[in-house]
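Here's the structure, in structure tokens; my notes come after.
Only heavy atoms go into these numbers, but all of them, side chains included; no hydrogens, no water, no symmetry mates.
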Amino acid sequence: QVQLVEAGGGLVQAGGSLRLSCAASGHTIINYAMAWVSQAPGEEREFVAGINWSGGSTSYADSVKGRFTISRDNAKNTVYLQINSLKPEDTANYYCAARRRLTTTLPSDYNYWGQGTQVTVSS
């Protein structure tokens, strides 16, 4: 079992930046693809960014390309999401998720989830 704990969310003004982190425990994440998924109130969960086991391959939702960067440090069992140029529409709860094998863009493909960290962007 992999336990995931997110941190780094908060209230920021539009145009600001945040760095989210996801610390894993219970198992090394080196064999896991990792992803960040957002969920705004009343909305479905949406894929934001994904990274393969080595960090050599990443994928992003079109809405965040060029502004968000996913990375991982397997030695620290941690995944990060650098968020720049924040927009009010980025406001959501951001979840870290894990699955064995390949990265996918479907949130339902991920087996392990953290509790989420709230990002609120004011205009």
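- Of all heavy-atom pairs spanning Q118 and T91, the tightest one is NE2-CG2, 4.0 Å.
- The two residues G8 and T117 come nearest to each other via the heavy atoms N-OG1, 4.0 Å.
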Requested in this report: Begin from the C-alpha positions of Q82 and I70 and carry the test side chain to side chain contact (heavy atoms under 4.5 Å, CB included) through to its verdict.
Outcome: CA-CA 6 Å; Q82 178 68 40; I70 188 171; over 6 Å; no
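- Separating the CZ atom in R72 from the OG atom in S54 is a distance of 7.5 Å, to the nearest 0.5 Å.
- Summarising the geometry, atom CZ belonging to R100 is positioned 15.5 Å from atom CG belonging to D109; distances are rounded to the nearest 0.5 Å.
- Between Y95 and W113, the ring planes lie perpendicular to each other; the angle is over 60°, past the 30° to 60° tilted range.
- Proximity of Y112 to Q1: side-chain heavy atoms (C-beta onward) are separated by under 4.5 Å at one or more points.
- The two residues P107 and T105 have their closest heavy-atom pair at CD-O, 3.4 Å.
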Check: residues 11-26 side-chain donor-acceptor pairs under 3.5 Å, at least two apart:
residue, atom, partner, partner atom, Å
S17, OG, N84, OD1, 3.0

Contacts under 3.5 angstrom, residues 28-51 side chains, donor-acceptor by atom type, not counting sequence neighbours:
residue, atom, partner, partner atom, Å
T28, OG1, I30, N, 3.3
W36, NE1, Y80, O, 3.4
Q39, OE1, R45, NE, 3.2
Q39, NE2, E43, O, 3.1

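- From Y60, atom OH reaches atom CZ of R67 across 12.0 Å, with rounding to the nearest 0.5 Å.
- Ion pairing between a basic and an acidic side chain is recognised when a charged N comes within 4.0 Å of a carboxylate O; D90 and K87 show no such pairing.
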Report task. Check the pair N52, S57 against side chain to side chain donor-acceptor pair (under 3.5 Å), reporting the backbone distance first and the verdict last. Result -> CA-CA 5 Å; N52 75 331; S57 177; 5.0 Å; no
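- In this structure, S71 OG and L81 CG are separated by 8.0 Å, a value rounded to the nearest 0.5 Å.
- Hydrophobic clustering, with ILVMFWY side chains joined whenever heavy atoms are under 4.5 angstrom apart, keeps Y110 apart from L4.
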